[in-house]
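First the structure, in the form of structure tokens, and then the observations on it.
A, B, ... follow the sequence lines: proteins, then strands. Residue 1 opens every chain.
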Amino acid sequence: MMQQQPSQPSDQTSHYQQQHQQWMAYQQQSSQQQQQPQTPVPPPAGWTPQPVPPPTQQTQPYGVAPDASSDGIRSLWIGDLQPWMGESYIARIFGRTGEFVSAKVIRNKQTNFSEGYGFIEFVSHAAAERVLQTFNGTQMPSTEQNFRLNWATYGAGERRRDDGPDFTIFVGGLAADVTDYMLQETFRAVYSSVKGAKVVTDRTTGRSKGYGFVRFGNESEQLRSMTEMNGVLCSTRRMRIGPAATKKPATGQQYQKGMPPNFSIFEKTIS
DNA sequence: ACTGAGCGC
């Protein structure tokens, strides 16, 4: 099996410099600082896929105790994680804030491979928000992709509860720098029922494909937004809004066991 | 880049 070399160490110096500037900017905001070991993050080059060792008791060398008086969600969702990015990678990055509590990468139960996303807990809602504002959309160390962060829907240990159906719109014409959070907040500023937003990206490069989706909890807001927000500026470009194609069929189970979920791909390929 | 697959055992 031949393996591609995604990035070369020779051009990583500038990445670290950029990242360093971001951290400096962060530390100016953050009142709390603590001593941090300067452990380099292992580069992805040469990484070979293998299941991580069996789950051991994860110690959190940089973690601090959560602030019990803080109300609101203290956890962030993080996406677009590469297979080699484990808890230690996340801890190394966010431990520098001095407000990091713990990290968890979600793994497949059978294979123990990363599912590509995880959760990061901070000492307080405010600390999590600072991280969201500071790191989101900036470059992840040792990669050419950007952090994909958002509020976790619920805190650790909480169960996802059914909060009703989603009413989704398609948003096209997005500038390359628009993040999920930016898109979400653009709409949330106007519509209270906005549940979330997702910018579609190329999974391997992490680059935006220039379109995304916004989910509403309220159908009338969804419909209103389609006319009211069409042509509105988000970052540097005007959004073009359309109805979202159905992501999931309205009827329950669509596929029989054993049939691949992307079965329809074959039909498209043939024609 | 114009219709995604992203919420924790």
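Residues that satisfy the ring pair (Phe, Tyr, Trp, His ring centres under 6.0 Å) test with A:Tyr211, not counting sequence neighbours, are A:Phe170. Remark: A:Arg188 engages A:Gln184, A:Glu185, A:Val194 in a side chain to side chain contact (heavy atoms under 4.5 Å, CB included) (not counting sequence neighbours).
The shortest side-chain heavy-atom distance between A:Pro165 and A:Phe167 falls under the 4.5 Å cut-off.
Note: CG (A:Leu81) to P (B:dA5) measures 16 Å, nearest angstrom. Atom C1' of nucleotide B:dG8 and atom CZ of A:Arg74 are separated by 15 Å, given to the nearest angstrom. A:Asp202 places its CG atom 13 Å from the C1' atom of B:dG4, with the value rounded to the nearest Å. Straight-line distance from the CZ atom of A:Phe119 to the C1' atom of B:dG8: 5 Å, rounded to whole Å. Straight-line distance from the CZ atom of A:Arg215 to the C1' atom of B:dG6: 9 Å, rounded to whole Å. The separation between A:Ile73 atom CD1 and B:dG8 atom P is 13 Å, rounded to whole Å. Between A:Asn150 atom CG and B:dC7 atom C1' the separation is 10 Å, expressed in whole Å. With rounding to whole Å, A:Phe122 atom CZ is found 19 Å from B:dG8 atom P.
The nucleotide whose nearest atom lies closest to any side-chain atom of A:Arg237 is, among B:dC7, B:dC9, B:dA1, B:dA1. For A:Arg207, counting side-chain heavy atoms from C-beta on, the closest listed nucleotide (B:dT3, B:dG6, B:dA1) is B:dA1. For A:Arg148, whose side chain is taken as the heavy atoms from C-beta onward, the closest listed nucleotide among B:dG6, B:dT3, B:dG8 is B:dG6. Which of B:dC7, B:dA5, B:dC9 sits closest to the side chain of A:Lys198 comes down to B:dA5. Among the nucleotides B:dC7, B:dA1, B:dT3, the one closest to the side chain of A:Phe213 is B:dT3. Taking only side-chain atoms of A:Trp77, from C-beta outward, the nucleotide of B:dC7, B:dC2, B:dA1 with the closest atom is B:dC7.
Of the residues in residues 167-181 of chain A, those lying under 4.0 Å from DNA chain B by heavy-atom distance are A:Thr168, A:Phe170, A:Gly172, A:Gly173, A:Asp180.
Each salt bridge (Lys or Arg N to Asp or Glu O under 4.0 Å) pair with one or both residues in residues 192-202 of chain A, not counting sequence neighbours, appears once here: A:Asp163-A:Lys195, A:Asp166-A:Lys195. The ring-ring contact (aromatic ring centres under 6.0 Å, His included) contacts involving residues 183-210 of chain A comprise A:Tyr191-A:Phe216, where partners must be two or more places apart or lie in separate chains. Contacts classified as salt bridge (Lys or Arg N to Asp or Glu O under 4.0 Å) and involving residues 227-237 of chain A (residues at least two apart or in different chains) are given here: A:Arg224-A:Glu228.
In this structure, A:Phe147 has its ring center closer than 6.0 angstrom to the ring center of A:Phe94.
Base orientation of B:dG6: anti, since the glycosidic angle falls outside 90° of 0.
Dashed line: the shortest gap from a side-chain N or O of A:Lys104 to OP1 or OP2 of B:dC9 is under 4.0 Å.
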